[in-house]
Amino acid sequence: MKDRLPKRPGNVSLSSSSCTSGSRRPPPVAASAGGTVIKLLTMARKQSRRRTAIFILVICFAALGTLAPVFAPLPSSLSSRSNSHHNLKKSDGRSFEIADDKFWRDGEQFQIIGGDLHYFRVLPEYWEDRLLRAKALGLNTIQTYVPWNLHEPRQGELVFEGIADIISFLKLCHKLNLLVMLRAGPYICGEWDLGGFPAWLLAIEPALRLRSSDPPFLELVDSWWNILLPKMSPLLYTNGGPIIMVQIENEFGSYGNDKAYLHHLVNLARGHLGNDVILYTTDGGSRETLEKGTISGDAVFSAVDFTTGDDPRPIFALQKKFNEPGKSPPLSTEFYTGWLTHWGEKIASTSATFTADSLEKILSMNASVVLYMAHGGTNFGFYNGANSGADESDYKPDLTSYDYDAPISESGDVDNAKYKALQRVISKYTVEEPTSVPPDNQRATYGRIELQKSAFLFDIVDNPELISVVESEIPLSMESVGQMFGFVLYASEYNSKGNRSVLSIPKVHDRAQVFISCTSDDNRKRPIYIGTISRGSNRAIDLPHFSCVSRTKIYILVENMGRLNYGPYIFDKKGILSSVYVGGRPLFKWRMLSIPFHNLNEGRKISSIVSDAYSKFIKVSSLEDLNYGRHRDNLEPTFYTGRFAIDQVKDTYLSFNGWSKGIAFVNEFNIGRYWPSVGPQCNLYVPAPILREGENVVVILELESASSKLSLSSTDRPDFTCGSIG
């Protein structure tokens with residue numbers, strides 16, 4: 001998607017980049033809007049899971065059970081009608097082809113009016129709800145990426161269930177008479193961690209060359225597609241399923257010019273899917289990107305994307321030059337209905353009227369189009385991506401919300417100006433029977449949720465039963481110690497000399513909080529916060545001098561805030577990636593303690609081994625310890641837990657106003673990151689399927705300063721007004 005944002009009105013610049021070709025810009029931007037504790041854990045590797053069991057806390061439940069969704073009945077879908085006739089011969093009654101610069105479905109002319117809706121950004125219980133809203137908008141096709149990292153989070157461990165159950169999602173599209181354009185990757189971009197590549201690729205030595213014909217890389221791609229594509233084959237349109245087209249790579253013309261890589265992907269796809277399915281590429285509407293990204297000689301259809309509001313005619317004319325004669329139906333595969341937002345930026349918003357007028361320019365030409373996004377959804381867990389500016393130090397992580405200012409909002413709302421404006425335009429060109437628009441799902445406010453301090457994060461340091469520990473002379477990357485997401489705590493020691501020492505870390509990805517501790521004459525033991533070093537800042541930190549009985553301990557908590565998903569710096573390892581210097585001399589003998597919390601595609605069951613270990617741990621955690629540093633000037637990362645009761649289960653939002661930065665879990669589900677001190681996102685979306693009647697539990701890890709009120713509030717709406725730019 002995108003590369004540069006134009007100046008805002010009043011010359012207020014919104015700097016951004018994303019998966020796009022350099023020739024494109026985003027649309028013009030307009031300003032908008034206590035009790036006991038148990039642990040959650042993530043199993044890291046099959047063989048070593050018990051010894052690497054991960055520490056995460058949550059309040060005890062009155063009863064543990066499955067989370068049952070509560071929904072009103074959804075309206076059934078209506079069948080579509082065909083367009084004008086053509087003399088193409090039907091194959092077994094089902095065909096989807098290109099001829100005379102048009103798409104033909106079962107021998108009849110067909111105009112794709114589609115929208116991106118990603119199954120991995122919506123809870124499965126809401127897939128049908130969101131698809132019905134897309135259908136009521138007038139869409140006849142759904143386009144979705146397939147993120148490799150969601151389905152193979154660790155090498156050889158495959159996940160095709162829960163939110164990763166792509167088969168059920170595609171079958172649901174078919175049930176609702178929605179066709180599918182499948183963006184199979186292996187690279188997807190999509191504001192998704194590492195552009196969809198699994199992070200374990202970064203741990204392989206020698207280093208792989210991603211997105212290239214590098215043989216070791218292609219061998220792993222082959223292994224993945226040899227699993228994925230056979231699952232897709234029965235769902236092709238000609239085999240009775242919904243998939244009409246399969247995309248090869250994604251906007252490769254904006255990245256490289258390795259034709260051998262692209263041809264390899266085509267041959268692999270044809271071997272599994274056959275010759276009947278349309279393979280396609282997507283590139284920005286410039287000659288340079290099309291020359292690099294088009295796959296000539298393999299009968300691969302070349303589609304384009306471009307900035308909303310641009311004149312589509314010259315771009316479609318250029319597209320035609322990169323397809324065989326008669327094989328170039330005009331198609332914009334990414335018509336931007338909104339825009340992405342990074343932390344620290346003002347929330348992006350686009351005019352409903354402008355967006356609708358721009359869409360009509362395309363549809364009036366009998367061209368096909370896919371809305372990006374029809375429904376954005378949420379970057380649950382740790383899967384948000386990030387972008388960079390001029391260099392990799394100019395780091396811009398994406399919000400937890402992927403609302404995108406799409407016509408169907410993050411929570412599924414459609415009672416808004418953009419949805420209605422786009423629906424009016426689409427209704428002029430669709431031959432589908434109109435379906436009734438589902439009403440917005442009800443949301444609830446569950447009031448104030450009191451939180452209590454549960455435990456300090458650093459209390460796990462001396463409890464090896466709870467975490468995985470790797471020792472090394474020098475700091476190792478997160479990937480090298482098998483920690484793909486979340487946090488790693490780096491621990492070492494040094495001799496404090498004189499009254500002042502200076503700490504420097506030349507390269508850290510992405511955010512390092514520095515703490516020191518020692519046993520001193522006044523029995524000071526707990527770690528003391530010294531400062532934060534963020535990616536690219538390279539600033540030195542003064543270390544205070546204490547009269548320690550022994551060597552001074554240093555702890556550096558590093559957060560992976562999301563890997564780059566686009567551009568030349570996509571090989572984005574996390575953690576401390578250089579030596580650490582104290583007084584100009586490197587520190588050696590490091591312990592890396594992995595603290596990976598649940599991610600989106602991982603189970604939520606609590607390990608009995610870790611539960612037993614934690615039970616022993618909490619017996620020695622005194623109230624005095626937990627009350628230590630209760631004032632706001634203490635910046636030790638701390639867990640807080642709270643309970644709230646529900647009579648009727650509905651969607652809600654949790655407001656983090658007054659808190660600083662951290663991650664949040666509701667009933668053991670990782671709802672994402674919060675950072676209201678930077679903004680603009682204040683509230684995190686909590687879909688109804690996560691909740692249950694009766695008692696619900698929220699756990700947060702606050703990395704900096706707790707709210708003085710020690711509470712959260714449940715509200716019924718999003719809020720993007722936090723931070724200095726909110």
Side-chain angles (χ1 to χ4, degrees), residues 55 453 455-464 467 469-476 487-535 537-559 575-595 621 624-639 660-662 701-706:
F55 181 76
K453 189 178 296 184
F456 295 113
L457 179 64
F458 289 133
D459 286 337
I460 70 171
V461 171
D462 296 319
N463 195 331
I467 54 174
V469 180
V470 174
E471 296 183 352
S472 172
E473 283 294 299
I474 60 175
L476 301 177
F487 303 81
V488 166
L489 180 63
Y490 293 79
S492 187
E493 297 179 350
Y494 68 94
N495 288 318
S496 180
K497 298 179 181 180
N499 294 325
R500 180 178 178 270
S501 296
V502 176
L503 169 76
S504 64
I505 311 175
K507 191 171 185 178
V508 61
H509 290 183
D510 296 303
R511 190 172 185 270
Q513 293 172 264
V514 181
F515 303 81
I516 63 172
S517 73
C518 70
T519 302
S520 57
D521 293 338
D522 60 359
N523 292 320
R524 182 188 297 274
K525 294 180 181 180
R526 298 214 64 86
I528 301 171
Y529 172 74
I530 303 302
T532 296
I533 300 176
S534 295
R535 181 170 179 162
S537 68
N538 292 324
R539 75 180 187 93
I541 295 178
D542 289 336
L543 300 176
H545 174 71
F546 294 114
S547 298
C548 299
V549 175
S550 58
R551 287 161 60 90
T552 302
K553 295 180 180 180
I554 184 168
Y555 303 109
I556 305 173
L557 181 66
V558 179
E559 179 185 4
I576 296 178
L577 306 178
S578 67
S579 293
V580 176
Y581 298 89
V582 173
R585 309 183 71 170
L587 283 184
F588 296 102
K589 298 189 181 302
W590 288 89
R591 299 169 67 225
M592 276 67 66
L593 300 92
S594 297
I595 316 173
S621 294
E624 179 182 356
D625 286 338
L626 291 177
N627 286 333
Y628 170 83
R630 63 191 303 169
H631 304 293
R632 290 177 55 84
D633 59 353
N634 176 58
L635 297 178
E636 181 175 351
T638 306
F639 290 95
S660 298
K661 187 182 195 302
L701 171 61
E702 170 57 55
L703 297 171
E704 296 181 348
S705 297

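Classification of E702 and K661 as a salt-bridged pair fails, no side-chain N sitting under 4.0 Å from a carboxylate O.
Taking CD of Q513 as the reference point, atom OG of S534 lies at 9.0 Å (rounded to 0.5 Å). A distance of 6.0 Å separates OH in Y529 from CD in E704, rounded to the nearest 0.5 Å. The structure places CD1 of I533 at 5.0 Å from CG of L503, a figure rounded to the nearest 0.5 Å. For the atom pair CZ (F487) and CG (L701), the distance works out to 5.5 Å, reported to the nearest 0.5 Å. With values rounded to the nearest 0.5 angstrom, F515 atom CZ is found 8.5 Å from L457 atom CG. Remark: I528 CD1 to C518 SG distance equals 7.0 Å, nearest 0.5 Å.
Of all heavy-atom pairs between I541 and G531, the closest is CD1-C, 3.7 Å. Closest heavy-atom contact between A455 and T638: O-CG2, 3.4 Å. Nearest heavy atoms, V558 versus G575: CG1-CA, 3.7 Å. In plain terms, the two heavy atoms of I505 and S578 that are nearest each other are CG2-OG, 4.0 Å. P637 and L557 get closest at one heavy-atom pair: CG-CD2, 3.8 Å.
Side-chain contact between E473 and K589 is present, with heavy atoms from C-beta onward closer than 4.5 Å. Contact of the L543 side chain with the S496 side chain is not registered, since no non-hydrogen atoms from C-beta on lie closer than 4.5 Å. With contacts defined as side-chain heavy-atom distances shorter than 4.5 Å, the pair I556/W590 qualifies. The side-chain heavy atoms of L703 and E559, taken from C-beta on, include a pair separated by under 4.5 Å. Using a 4.5 Å cut-off on side-chain heavy atoms (C-beta onward), I467 and L489 make no contact.
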Any chance you could lay out the side chain to side chain contact (heavy atoms under 4.5 Å, CB included) test for N495 and T552, step after step, and finish with the verdict? CA-CA 6 Å; N495 288 318; T552 302; over 6 Å; no
Verify side chain to side chain contact (heavy atoms under 4.5 Å, CB included) between S579 and L587, making sure each step is shown before the conclusion. CA-CA 7 Å; S579 293; L587 283 184; over 6 Å; no
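Not one N or O on the side chain of E636 forms a donor-acceptor pair closer than 3.5 Å with the backbone of F456. At least one donor-acceptor pair closer than 3.5 Å links the side chain of S492 to the backbone N or O of F588. The backbone N or O of T532 sits less than 3.5 Å from a side-chain atom of R539, completing a donor-acceptor pair. Within the 3.5 Å criterion, the main-chain N or O of L476 finds a donor-acceptor partner in the side chain of Y490. No donor-acceptor distance shorter than 3.5 angstrom exists from the side chain of S517 to the backbone of R526, with no hydrogens or angles considered.
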